[in-house]
Structures are given as structure tokens and as C-alpha cells.
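Numbering starts at 1 and runs along the sequence shown. Just so you know, these numbers come straight off a predicted model, no measurement behind them.
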Amino acid sequence: MSKYAVTDPSTGETIKAFATFTDAEVTAAVDRADAAYRGWGRVSSIAERSALLGRVAELYRERREELARIVVREMGKPITSALGEVDVCVDIFEYYAAHAEQFLADEPLELLATPGKAVIRRSAVGALLGVMPWNYPYYQVARFAAPNLMLGNTILLKHASQCPESAAAIAQVFTDAGYPEGAYEMLYATSSQIETVIADPRVQGVSVTGSEAAGAAVAQAAGRHLKKAVLELGGSDPFIVLSTDDLDATVEYALWARFYENAGQVCCGAKRYILADEIYEPFMEKFTAALKELRPSDPTRSETLLGPVSSVAAAEGLSDQLQRAVDGGATVALGGGRQGAFFEPTVLVDIDPANEPAREEFFGPFAHVYRVASEAEAIELANDTPYGLGAYVFSTDHEQAMRVADRIDAGMVSVNVLGGEGPELPFGGVKRSGFGRELGRFGVDEFANRKLIRTCE
């Protein structure tokens, strides 16, 4: 049976299988990507590449409904969220189309003691490999592909094995937008084939979004062959509430940060809720009351907020994590049950710092809740994790909020706000959440040749 298949998590039914590429097909894709870089990537103008990105955005907008329905059946994303994901992709491609001339303009340098001029000129480096996950099948690809196609790099894209239909739909968008053969190559590849691609001297770098284990394996292979890597891996993001003058709004933020988006399967979603003493009881009362009313349901319905997790196997893994955390002393304050791939919203409390299973990343509709007596304790607990992707800080004291944000070990901190993501904002983490940045100006520089050109004029 092929590794690549669409299996609807709502029903467990395998809808369609796709043939894994042969070694010869993978090699041919790398050949095409390298040829496209040496041709189109080196001779096309910034304006031409910008126009292609704009056309991609138009096609995503035109095919919005079709693209959204694909991921509903691939990984159970509620249709409203799936439509929103496509919209975000439109924003990303439009952003890089609009800013290409600005981002790729020569950057003058001030010479200290010698006459003449010097500039930094950004240009493509070659074919790049992307290894992408299932939780945001379109968005993850867009934030990797858009800035690199803007530069003139070419893309080899290995998608998650449960997302072959969306992978093919993305590739078709690039073809229909007018990209030349080889500029964007989709791979239904195995892990061993991916290692071969990384080893190929024509491939200049690799970007991975996925699990810590997947990132470590790819980074090891990339390092062995001296290839640049960008990794966006797991997270255990704290949601810290020290004070609030609108508890209802803060609880609503807390629900959106975890439960109302993608069944909690979000790398930068809130995982650990850290609540000040005086906030704890009233927050938990409202928080759990809202979650009691939230029922996992059919992801094809527009009113559904919480669909299934990505597969029955993923739900079984969550059940195992939950049991091990409870065995370690944690208490289930709400939920814990599941039916197939549909998991109830679940809240864990009484979590001891030594409870290692509870410290793992739970990739589903879970909240781990902690009570703290001080700002210092909140910071210490927030940083007591091997991950460092994002964080949320809520306080009515602006100076306190900024002080806490500064001391959190994370790549991104949102203060008194949710939805702090956009194509202009760099995305990435520290510690075992990975390294490198995507989106914004910083996303352009990860795989750019920032060439110094020095003249005597």
C-alpha cells in the first residue's frame, strides 16, 4: 500500500491513495529544479517573479472553496478554519509580490576608511528542499515558498503523507500561475529518498516544519552535508494571566489560543495556562464552563469550532499521553474522553514539575493549568520547558507585561493580544523549538546569498 493516502479522520475511511515516487522520479525532480534555478532563477527579473507571486495569490482566491474542502477530508480541519488558512496564503503571496522590489534592492554600506562604494545584493542560492507537516497544509508551504520563489530559488516540496491531495493542488496552482517546469516540484518521497535529496550537491538548503524528532533527523543530515537548515518544531507555549480588567475577553482569548483553532493542533498555540492566584478561581470557572459547551463535531459544517484530531492514531497517542500524565499525579479537571478521532476538550491541573509526561507537547484540545503566587514564579514556570516557540502575556500593568515578555525564553511573545501573526511578522523559536525565521523581511534572508559588491567608484 502507498504511504501517501487521504484518510478522512471523521470516518476513518481511506478515500484515495497516491503512488510514492520512484528513485528515478525523485532524481528527475531534482534535475528539473536545478535546471530551473540556473535558467529562470538567474535570469528572471524581480518584476517578473513578483507578477508570478501575484498570480498565485489570485488562483488561491479563485480556488478557495475547493482547496479548503481538500484539507477538511485530509486532516479534519473545520471548513471555516480551512477557508481562513487559504485566505492567509493569499495574504502571504500578495505581501511578497508587493514588497519584492523593496526587499531585493541593493543595501548600501557605509565605508569607514576607504574610498568607493559597497552594497549587499540579495540573490538566489539554488534548489531548496521543504519538508512540511499536515496541520497547516497550505500555510506552511506558503511561508516557505513565497519568499524563496521571490528570490529566484526553486522548491522541492515533500509534504506529509496524509496530505497528498493538497500537495498536488498546490503544485497545480504554481503550474497554472505560469511558473516554469522545475520552479516548484512536489515529491511523494520516502525518508531515505529525502536523505538522498539533502545529500545532492545541487540542493542548497532545507526547511522543516514538524516534530522535534523529524527536525533533528533532517538537521543531522543537512549538517553532515554542510547545508543550511531552518527548523520550526514543537512548542509548549505559556499563556500567562497576571491581571485583567475584562475577564470574559481574556477567557475568550484563552479559548481561541488553544481550542477554537485546528483542534489544538497548533505549534504556537497556548499549551500551559499560568494563572495568578487572584485570577485562578474566576478564570477557571468561566474557562471550564465554556469548554463544557464545546463539543467536537462534523468539520464540514460551517458552525463547527472543534473537529477531530488528524487521525485515530493521533487520538490514541493523546489518550496514552493523558494516562501517563495522570499516572504521574496530574488531575483531569474536565474532559478526557474520545470517540474515534474526536477528542473532548480536556483540562489538566495539579501538575507537578517532576511529571515528565505532562511536560510533553500535547498536540490536541488540551490545556495544562498552573497556579502561581508571583510574577517571578510565572516567569520561572513559563521558561521551565525545553521549547521556546511563542508565549502570551496578559496584564493590566503595561510595564509588568513588557518586563515579563522580555524575560520569556521564546521567539515570539504576544502581549494582551491574540492573532499576532501576519506575513510581515517573523515566525520562529529558540531552544528545541528550532532555529531560523520565516515570513517578513527575515524570512527572505534565510536562503539568500547576501553578496558583498565592493567598487572603487
Side-chain angles (χ1 to χ4, degrees), residues 5-16 64-89 132-140 159-167 169 209-211 235 252-271 287-288 290-322 334-347 361-367 418-419 421:
V6 178
T7 300
D8 188 338
S10 296
T11 63
E13 176 190 2
T14 297
I15 298 170
K16 187 177 181 181
R64 180 174 183 260
E65 294 279 346
E66 171 193 348
L67 293 171
R69 294 193 183 283
I70 290 172
V71 297
V72 172
R73 57 180 173 262
E74 279 184 332
M75 46 76 63
K77 188 185 295 275
I79 184 63
T80 302
S81 293
L83 291 166
E85 182 180 346
V86 178
D87 293 341
V88 170
C89 293
M132 296 293 126
W134 48 263
N135 60 331
Y136 287 92
Y138 301 121
Y139 165 64
Q140 306 282 9
H159 221 315
S161 59
Q162 74 183 79
C163 296
E165 191 175 3
S166 56
T209 299
S211 69
E252 190 68 9
Y253 281 140
L255 293 166
W256 275 105
R258 183 60 167 166
F259 293 93
Y260 292 170
E261 175 60 31
N262 213 24
Q265 300 165 121
V266 184
C267 293
C268 60
K271 308 293 193 334
F287 189 63
T288 56
L291 290 177
K292 285 176 183 177
E293 301 301 316
L294 182 61
R295 297 284 183 269
S297 56
D298 182 356
T300 65
R301 297 167 55 195
S302 60
E303 63 269 26
T304 294
L305 284 173
L306 180 62
V309 295
S310 61
S311 66
V312 172
E316 290 172 345
L318 285 167
S319 291
D320 176 67
Q321 283 183 289
L322 175 60
L334 181 75
R338 73 172 181 91
Q339 184 172 3
F342 290 89
F343 219 107
E344 292 179 343
T346 302
V347 178
E361 180 182 24
F362 279 55
F363 216 52
F366 280 74
L418 208 61
E421 298 173 25

- Is a side-chain donor or acceptor of R338 paired with a backbone partner of V312 at a separation under 3.5 angstrom? no
- What is the ring orientation for W134 with F363, classed by angle as parallel under 30°, tilted 30 to 60°, or perpendicular over 60°? perpendicular
- Side-chain donor-acceptor pair present, T80, S302, cut-off under 3.5 Å: no
- Message: Can you confirm whether more than 12 heavy atoms, excluding those of Q339, are under 6.0 Å from its CD atom?
- Response: no
- Query: Between K271 and E361, does at least one N-O distance fall below 4.0 Å, as a salt bridge requires?
  - Reply: yes
- Message: As a test of understanding, state which of K16, R73, R69 forms a salt bridge (Lys or Arg N to Asp or Glu O under 4.0 Å) with E165.
- Response: R73
- Is there a donor-acceptor contact under 3.5 Å from the side chain of Q140 to the main chain of P137? no
- With P9 as reference, evaluate P299, P308, S310 under the side chain to side chain contact (heavy atoms under 4.5 Å, CB included) test and give the passing residue. P308
- Message: Under a 3.5 Å distance rule, please check whether T304 uses its side chain to pair with a backbone N or O of D298 as donor and acceptor.
- Response: yes
- Query: With under 30° as parallel and over 60° as perpendicular, where do the rings of F366 and F362 fit, or are they tilted in between?
  - Reply: tilted
- Message: Could you check whether any side-chain N or O of E344 sits under 3.5 Å from a backbone N or O of G337, counting only pairs where one atom can act as donor and the other as acceptor?
- Response: yes
- Item | Separation of L83 CG from R64 CZ (nearest 0.5 Å) | 4.5 Å
- Taking R258 for the side chain and G269 for the main chain, is one N or O donor matched with an acceptor at less than 3.5 Å? no
- Query: Does the side chain of C267 reach to within under 4.5 Å of the side chain of N135, using non-hydrogen atoms?
  - Reply: yes
- Task: Could you tell me whether the side chain of Y138 and the main chain of L67 form a donor-acceptor pair under 3.5 Å?
- Result: yes
- Measure the shortest side-chain to side-chain distance between L306 and Y260 over non-hydrogen atoms and say whether it is less than 4.5 angstrom. no
- Message: Quick check for you: to the nearest 0.5 Å, what is the distance between M75 atom CE and D8 atom CG?
- Response: 11.5 Å
